[in-house]
Amino acid sequence: MLCIAVMLAVPVTGHAETGAAGWLRYAAIRNPETLRRDQALPAGVVLLDRSPVPLSAEQELVRGVRSMLDRTLRIDDTLPEEDAFVLGTASEIEGALPQARAGTLQPESFSLSVVHAHGHAYWVIEGGDARGVLYGTFRLLAKMGTEQDLAMLHDSESPSAPIRWVNQWDNIDGSIERGYAGRSIFFDNGAVREDVSRTGEYARLLASVGIDGCTVNNVNASPKMLSPEMIGGLARIADEFRPWGVRLSISVALNSPQTLGGLSTFDPLNPQVIAWWQSRVDALYAQIPDFGGFVVKADSEGQPGPSQYGRTPADAANMLARMLKPHGGILLYRAFVYNHHLDWNDMKADRARAAYDIFHPLDGKFEDNVVVQIKYGPIDFQVREPVSPIFAGLRKTSEAIELQVTQEYTGQAHHAVFLIPLWKESLDFDLHADNRSTTVASIVEGKAFHHALGGFVGVANVGLDANWMGHPLSMANLYGFGRLAWNPELTSAAIAEEWTRLTFSNNPEVASTVDGILLHSWHAYEGYTGSLGIGTLTDILHAHYGPGIESAERNGWGQWFRADHQGVGMDRTVATGTGYIGQYPPEVAKRYESLATMPDSLLLFFHHVPWNYRLHNGQTVIQYTYNAHYAGAEEAAQFMTDWKRLDGLIDDERYQKVLDLLIYQSGHAVVWRDAVCNWAKSMSGIPDDRGRVGHYPDRIEAENMKLTGYTVVDVTPPETASGAKGVVCEGQASCMAETVFHGASGWYDLGVEYFDYRSGDSTFRVFLNQQLIGEWTADNTLPAERMNGDTSSRKTLDGIPLRTGDTIRIEGTPDGNEPAPLDYIAVDRIVSRTDKAAGSNSPDAAQTKH
Ligand code: GCW
């Protein structure tokens, strides 16, 4: 209790942090009790192996202790005659301090213990190999950073699986596909960038959570990745990675022998093609002896593949795997192979079936260093999907789960969405193969079916922005990915807590506030985007960001939910639908086939039902849709309010950055809510029984205001603007929209809904009668150049005293192609302010106070 009180009394203000340090901030420990306890820690460190990876461990320990405890550890070569940290692999510990040996340690594992010998205490970090020493050291530092009692040090950990990799979707021109934090840390202008120092910092972050591999370029790969110049550049990145035990790998395009090598074919069974690949593999290993291997996306979304020559994925994978094998390299072949020209009119067509249909017949035909890399769900990183049935469909083939750390379909670093609970649902899901327990985690760990390899791949897409991922809270996903890959048994709450303490503060108020936001965020996002398993409902043809509901229907991409006036949902049953459910092992298939046992959360993924179908939770599909979207938007608004509790308790820079993002998110959540609810209402013809949808008494539509210079335009899709219309200022220096306030006098929050294109920085000024009460610039980087669900944004002016008859005027000044577009203003009466509690909600009363 005492320590909590002391900590709360020391606010951290004024001090700015960019987020570049991630969770490796090693913040100074202030809690006097912890400091007193940590007095007992030794003053020196001995490293028994001076190879690069353990050397990083030693330096990291010195750096962390210096930063957290304000002390410099003395470095010794041999065991000193005093207490010390002792770092080494099993055989070295055996030689120097046999009494400390932990028993058999697998590669990459570690054991932490305090051993008393020769009258001294030794804090031993023993690794199964060099990486194990590094991972153990980072674990020890995390324990120190979260103020655990190190005197009790006793921990022994092994990674769940050998493959714990990140993929980066970086293009060689320096852009990043689905990256939301600036340009590539690896490439620029067609080559590896001159300054690759950020890549070493990235590897350090990765190693600190046990990630041991990084694929540096987009799975939509450029053949130029295999040119001699590029290989030289890759070797420079590998040099940065190596001290952190991170192996470099690349994605390759299967047509490289043709486009880069000048051959007439890229048939994987052609001898010349094979010889060409061999020459490239030799060149890679000559310069990068610890090269990790290749990732292959083929026959998918326009990428070249073996099907062009009537060959199978196994033919292509094995050809490459055989060359990598003598070097210890592996070949990851992505199961994300599907036809994106499906026939909408064919009620049996189903994209979800593709991975199983293609890969199940190939089971047992792959080399043992091939791993099939499988997205968690059968479609594409949606806000909720069932697990892919192919996880249970490969008994003799190693598998890895692909998770998307970068928030493509989940808010693109503009929305806070902590993805660990989503991933946990997939990993914990029991597929009941062979009528026994086979969770997805146990399958990818290689345990369930005794696979040689297996593991976890996270599509990370960090960029050059100082804070790596754009949204400070997004880093929790990278941290959590590493932690889960290391140990999928960890709970979401434990991961959130650890990350928050290391990233922000050990202050319990900070920890509980941030954890609360993180742990509710996925559910909130699902609530206001796509509930009941319908899919994310974003514009799937463009940015994959804001609402764009109908974009998923009536085209070849197969992200259908088949909504019409009668009902909604994809019938994937065996009885009447696409038969997809039959790809699951019988126990799971039985549960999904029957509406009686179908979980509500995935209903529309598996079944087509009437809009008024009643869920297990008692609500109809349509009413639940309305309720979930309103509840989700309310939760998002609550995050903003909760975050304000941290003012003064964390550094100003990150406090303000997250606050601005949460304010934006709460506005965009309303855009989502309204778009989906209005669409669902017009589709179903069934009104909201709580009267909210389509009735906005507090809104004044821009198109109904008195306009000077502004013109009214239709917005498409219509549900992405209130009243389906907005106003634009075109061919004018500036324009005005004006209205007279007819409501009751009182305190109000004034929300201005406008559109903020990717380019152009329009400015807006709001006047109450003649008084300027707010102004801002629309300079956010949102992914569209027009009025739609991607660009719709809200600015809220809090606490405005309005009187009946007041004039509210907005002046918009366009910039570039952005015509200062407006949608509406929302005039929300404040009911919970202290003025109200004091018995007055009159602006007259409030004004006399000044
Ligand atoms: O989610 C989709 C993305 C594509 C991506 C593809 C894939 C790299 O929209 O940008 O391409 O998946 O995973 O291959």
Side-chain angles (χ1 to χ4, degrees), residues 165-181 184 186-187 214-223 225 249-255 294-305 313 316 332-342 351-352 354-355 358-359 371-385 388 390 400-413 417 419 422-423 426 456-463 477 481 529-530 535-546 548 551-552 555-559 783-784 790:
W165 286 18
V166 287
N167 283 181
Q168 287 276 144
W169 287 352
D170 297 35
N171 299 312
I172 62 175
D173 66 2
S175 61
I176 306 178
E177 183 156 347
R178 318 296 175 191
Y180 309 107
S184 172
F186 302 108
F187 305 101
C214 174
T215 312
V216 296
N217 67 304
N218 194 349
V219 288
N220 296 328
S222 164
M225 285 305 293
S249 51
I250 60 172
S251 297
V252 290
L254 282 186
N255 65 349
F294 294 140
V295 175
V296 174
K297 172 179 179 179
D299 287 318
S300 167
E301 301 183 334
Q303 292 301 310
L332 286 148
Y333 201 98
R334 295 178 85 225
F336 187 63
V337 181
Y338 70 100
N339 170 9
H340 66 275
H341 299 288
L342 286 179
R351 169 169 165 184
I358 295 167
F359 285 86
V371 179
V372 177
Q373 179 171 321
I374 306 164
K375 290 188 182 185
Y376 58 86
I379 300 290
D380 191 9
F381 300 137
Q382 299 300 286
V383 69
R384 189 184 285 270
E385 291 187 47
S388 186
I390 190 60
I401 188 167
E402 183 178 314
L403 303 168
Q404 201 181 36
V405 180
T406 189
Q407 294 169 241
E408 176 183 355
Y409 285 96
T410 48
Q412 305 195 352
V417 183
L419 294 165
L422 185 168
W423 300 339
S426 298
F456 301 76
V457 176
V459 180
N461 295 1
V462 303
N477 292 324
F481 167 73
T529 59
T536 305
L537 298 183
T538 186
D539 180 351
I540 68 144
L541 302 175
H542 298 99
H544 300 185
Y545 178 60
S551 68
N555 57 41
W557 290 95
Q559 284 187 224
D790 296 329

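All ligand and atom numbering here is 1-based and tracks the order in the structure. Computed from a predicted model, the values in this text were never measured in an experiment.
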Relative to each other, are the rings of H340 and W557 parallel, tilted or perpendicular (30° and 60° limits)?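 It falls in the parallel class, under 30°.
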Got a sec, which residues hit side chain to side chain donor-acceptor pair (under 3.5 Å) with N477, two or more places apart in sequence or on another chain?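 By the side chain to side chain donor-acceptor pair (under 3.5 Å) rule, N477 matches no residue at all.
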Using the test side chain to side chain donor-acceptor pair (under 3.5 Å), find all partners of Q168 that sit at least two apart in sequence or belong to another chain.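 For Q168, the residues satisfying side chain to side chain donor-acceptor pair (under 3.5 Å) (neighbours in sequence not counted) are D170, Y202.
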Using distance alone, with no hydrogens and no angle criterion, decide if Q373 and N167 have a side-chain donor and acceptor under 3.5 Å apart.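 Short answer, yes.
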I'd like the residue list for ligand 1, meaning every protein residue with a non-hydrogen atom under 4.0 Å from the ligand.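 Within 4.0 Å of ligand 1, the protein residues are W169, E177, R178, N218, V219, N220, K297, E301, R334, F336, K375, D380, E408, Y409, H544.
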If the condition is side chain to side chain contact (heavy atoms under 4.5 Å, CB included), which residues does A253 pass it with, not counting sequence neighbours?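 For A253, the residues satisfying side chain to side chain contact (heavy atoms under 4.5 Å, CB included) (neighbours in sequence not counted) are A221, P223, N255, S256.
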Here's a test for you: under side chain to side chain contact (heavy atoms under 4.5 Å, CB included), which of I540, T538, D539 qualifies with H542?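 So, applying the side chain to side chain contact (heavy atoms under 4.5 Å, CB included) to H542 and each of I540, T538, D539, only D539 qualifies.
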